[in-house]
*Asks:* 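Quick one: structure below, then a few questions.
All chains are named by letter (A, B, ...) in the order of the sequence lines, taking the proteins before the strands, and each is independently numbered beginning at 1.
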Amino acid sequence: MSIEYLQVAEDEGEEPIELPTEDDGTLLLSTLSAQFPGSSGLKYRNPESKSFRGVRLSEGRLHPPPDGGWGSQMFYCVFPKENKRKSDDNLENSTAKTKRMETKLRCTDLIVLGLPWKTTEQNLREYFETFGEVLMAQVKKDPKTGQSKGFGFIRFASYESQMRVLAQRHMIDGRWCDVKVPNSKEGLIQQVPCKVFIGRCTEDLTADDLREYFGKFGEVTDVFIPKPFRAFSFVTFLDPEVAQSLCGEDHIIRKKNRGVSVHVSNAAPKSETRGGGAYGNPRSARWGRSSWPKPRRWIRWSGRLWHIPTTV
DNA sequence: GTTGAGCGTT
């Protein structure tokens, strides 16, 4: 039995790669992703109308065009679109820009922290498949006992799924788990913080209060309130631009017949504030410490002091 | 009472 291959290229004018199809004639999205990481689908030129046609995707399988199958025509990758575009970005067009975006929007492995001991790789995969195709799921275990270490890794095929998953906490087998870009990958991919720090919270401010209030600026994907009460909390937005736009501001959250004045600022990783002194620098943690070496001077930004690096 | 726990034998 011979395997059928189809020609796929990243874009028009790019060198194609031949990809093998399955017994039922479909192409697995995972086969596509293996060669074109981050690709979320396929399209081809309709010879008559000259416009692009999308290839049907169902349950991780790409189906051959109903008229004439895969044939010998060229198929092109589709990548998840940035859902937000600034107006002047539209002026700057085409390939250079597209290329740049593709390298930034590549998926990476993601670490899943706080897993219940009983969670298996199969459980992990099944949970995250509701967000999109999962290319890899692993639970780290003690090699001797086989006991889970309580964390694992996952990788998605599409950047959109990755963004969604990063923007919220996850209830997996009865425990809240965090998904993050692993420390080893920091600096290799672009990360704009979606999470903000809310200072001056009062004890009666609930997660629902915060969700409702901040929800009017954009979709809120997570609210974290430390227990016991600590007078601060974290709010995560789906859109990092919304998060950034609020940083540095004071907001009044209505509570019965009074208002609580809270302060919004960047959420700096705890490791930063612990290790190197009184102030954290969110950039060094998000973009990789190595690219931001010795601090030289300070600036005030978003209501607090930040280091400015000596060199770039 | 203004910064959250945890990071990969390949």
*Asks:* Just to be sure I understand the geometry, which residues of residues 109-117 of chain A put a non-hydrogen atom under 4.0 Å away from DNA chain B?
*Replies:* A:Asp109, A:Ile111, A:Leu113, A:Gly114
*Asks:* What's the CG-P distance between A:Asn266 and B:dT2, to the nearest Å?
*Replies:*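 Distance, rounded to whole Å: 18 Å.
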*Asks:* So does A:Lys149 get a side-chain nitrogen or oxygen closer than 4.0 Å to the phosphate oxygens (OP1/OP2) of B:dT9?
*Replies:*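 Yes, within the criterion.
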*Asks:* In this structure, how many angstroms lie between the C1' atom of B:dC7 and the CD atom of A:Gln138, rounded?
*Replies:*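 Interatomic distance, CD of A:Gln138 to C1' of B:dC7: 12 Å.
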*Asks:* Does A:Phe151 lie flat on the base of B:dG8, that is, centres under 5.5 Å apart and planes under 30° off?
*Replies:*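 No, aromatic ring not over the base.
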*Asks:* For the CD atom on A:Glu59, are there more than 12 heavy atoms of other groups (residues, nucleotides or ligands in this structure) within a distance under 6.0 Å?
*Replies:* no
*Asks:* What about A:Ser265, does its side chain sit under 3.5 Å from the base of B:dT2 through a donor-acceptor pair?
*Replies:*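 Between B:dT2 and A:Ser265, which were checked side chain against base, a qualifying N/O pair under 3.5 Å is absent.
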*Asks:* Classify A:Arg155 by what it touches in the nucleic acid, base, sugar-phosphate, or nothing, heavy-atom distance under 4.0 Å.
*Replies:*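 It contacts nothing in the nucleic acid.
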*Asks:* Salt bridge between A:Arg200 and A:Asp250, side-chain N to carboxylate O under 4.0 Å?
*Replies:*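 Looking at A:Arg200 and A:Asp250, the cut-off is met.
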*Asks:* Could you tell me whether A:Pro182 contacts a base, only the sugar-phosphate backbone, or nothing, with contacts defined as non-hydrogen atoms closer than 4.0 Å?
*Replies:* base
*Asks:* Which whole-number value in Å describes the distance from A:Asp250 CG to B:dT2 P?
*Replies:* 14 Å
*Asks:* So which atom in A:Val220 and which in A:Val223 form the shortest heavy-atom distance, rounded to 0.1 Å?
*Replies:* CG1-CG2, 3.9 Å
*Asks:* Holding to side chain to side chain donor-acceptor pair (under 3.5 Å), I want the full list of residues that pass it with A:His251, two or more places apart in sequence or in another chain.
*Replies:*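 Once residues adjacent in sequence are excluded, the partners of A:His251 under the side chain to side chain donor-acceptor pair (under 3.5 Å) criterion are A:Tyr213, A:Glu249.
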*Asks:* Step by step, would you call A:Lys256 with A:Asp204 a salt bridge (charged side-chain N to carboxylate O under 4.0 Å, His left out)?
*Replies:* CA-CA 11 Å; A:Lys256 294 178 190 154; A:Asp204 59 339; 5.7 Å; no
*Asks:* Is the ring centre of A:Phe197 under 5.5 Å from the base ring centre of B:dT3, and are the two planes under 30° apart, so that they stack?
*Replies:*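 By the stated criterion, A:Phe197 and B:dT3 stack.
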*Asks:* Students often get this wrong, so: under 4.0 angstrom with heavy atoms, is A:Lys185 touching a base, only sugar-phosphate, or nothing?
*Replies:* base
*Asks:* Does the base of B:dG6 carry an N or O that pairs as donor and acceptor with the side chain of A:Lys140 under 3.5 Å?
*Replies:*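 Answer no: no donor N or O sits under 3.5 Å from an acceptor.
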*Asks:* Does the plane of the ring in A:Phe197 sit parallel, tilted or perpendicular to the ring in A:Phe234? Use 30° and 60° as the thresholds.
*Replies:*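 If you compare the ring of A:Phe197 with that of A:Phe234, the planes turn out perpendicular.
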*Asks:* Do NZ/NE/NH1/NH2 and the carboxylate oxygens of A:Glu219 and A:Arg164 come within less than 4.0 Å?
*Replies:*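 Salt bridge between A:Glu219 and A:Arg164, a charged N being under 4.0 Å from a carboxylate O: yes.
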*Asks:* Separation of A:Ile225 atom CD1 from B:dT3 atom P, in whole Å?
*Replies:*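 Computing the A:Ile225:CD1 to B:dT3:P distance gives 15 Å.
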*Asks:* When the distance from CZ of A:Phe229 to C1' of B:dT2 is rounded to whole Å, what number comes out?
*Replies:* 10 Å
